[in-house]
Amino acid sequence: ADEQLDGESILQLVQHGPVSERSAEEREAAQRRWAAFTQEAFVRLGPRRFDEMNAQIGQMNDGEISVDDLLARARYFMCPDNEDLHAAFGQMIRG
């Protein structure tokens with residue numbers, strides 16, 4: 001089939017690359033990993049820095065900052081004490 005991409009589809013490809021559908025099991029596994037990560041992050045970062053992380057994620061979701069900006073800002077409140085947490089955060093955010 002000869003498919004035409006509309007402007008929105010092209011913009012999504014440029015911004016996010018091709019997206020493959022995840023199976024229900026993959027989505028559930030990702031949700032479990034995120035839940036485990038957020039629990040650990042709350043314990044290790046404490047409420048103030050955890051809230052800062054969530055605020056930064058919200059800004060990224062709203063398109064106010066890029067993924068790279070999010071990870072750079074996260075380095076500020078996670079490191080140097082939590083380098084491994086920052087690395088795990090980066091892996092999860094980048095998918």
Using side chain to side chain contact (heavy atoms under 4.5 Å, CB included), reason through Arg44 and Asp84 one step at a time and then give a plain yes or no. CA-CA 11 Å; Arg44 291 176 60 185; Asp84 60 327; 2.6 Å; yes
Check whether any side-chain heavy atom of Glu52 lies under 4.5 Å from a side-chain heavy atom of Arg73, and answer yes or no.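 When only atoms from C-beta onward are counted, Arg73 and Glu52 do not touch, as no gap falls below 4.5 Å.
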Quick one, Val43 and Phe50 - any side-chain contact, counting heavy atoms below 4.5 Å? no
Between Asp81 and Arg49, does any NZ, NE, NH1 or NH2 come within less than 4.0 Å of an OD or OE carboxylate oxygen? no
Which atom pair, heavy atoms only, marks the closest approach of [X] to [Y]?
{"X": "Trp34", "Y": "Phe89", "result": "CH2-CE1, 4.0 Å"}
{"X": "Phe77", "Y": "Leu45", "result": "O-CD2, 4.0 Å"}
{"X": "His86", "Y": "Ala74", "result": "CD2-C, 3.7 Å"}

Please report the interatomic distance [atom1]([X]) to [atom2]([Y]), rounded to the nearest 0.5 Å.
{"X": "Asn54", "Y": "Thr38", "atom1": "CG", "atom2": "OG1", "value": "8.0 Å"}
{"X": "Phe37", "Y": "Gln91", "atom1": "CZ", "atom2": "CD", "value": "10.5 Å"}
{"X": "Gln56", "Y": "Asp69", "atom1": "CD", "atom2": "CG", "value": "9.0 Å"}
{"X": "Glu83", "Y": "Arg75", "atom1": "CD", "atom2": "CZ", "value": "5.0 Å"}
{"X": "Ile65", "Y": "Leu71", "atom1": "CD1", "atom2": "CG", "value": "9.0 Å"}

What verdict does the side chain to side chain contact (heavy atoms under 4.5 Å, CB included) test give for Glu64 and Leu70, after you've listed the backbone C-alpha separation in whole Å, the side-chain angles of each residue and the deciding distance to 0.1 Å? CA-CA 10 Å; Glu64 296 172 15; Leu70 170 67; over 6 Å; no
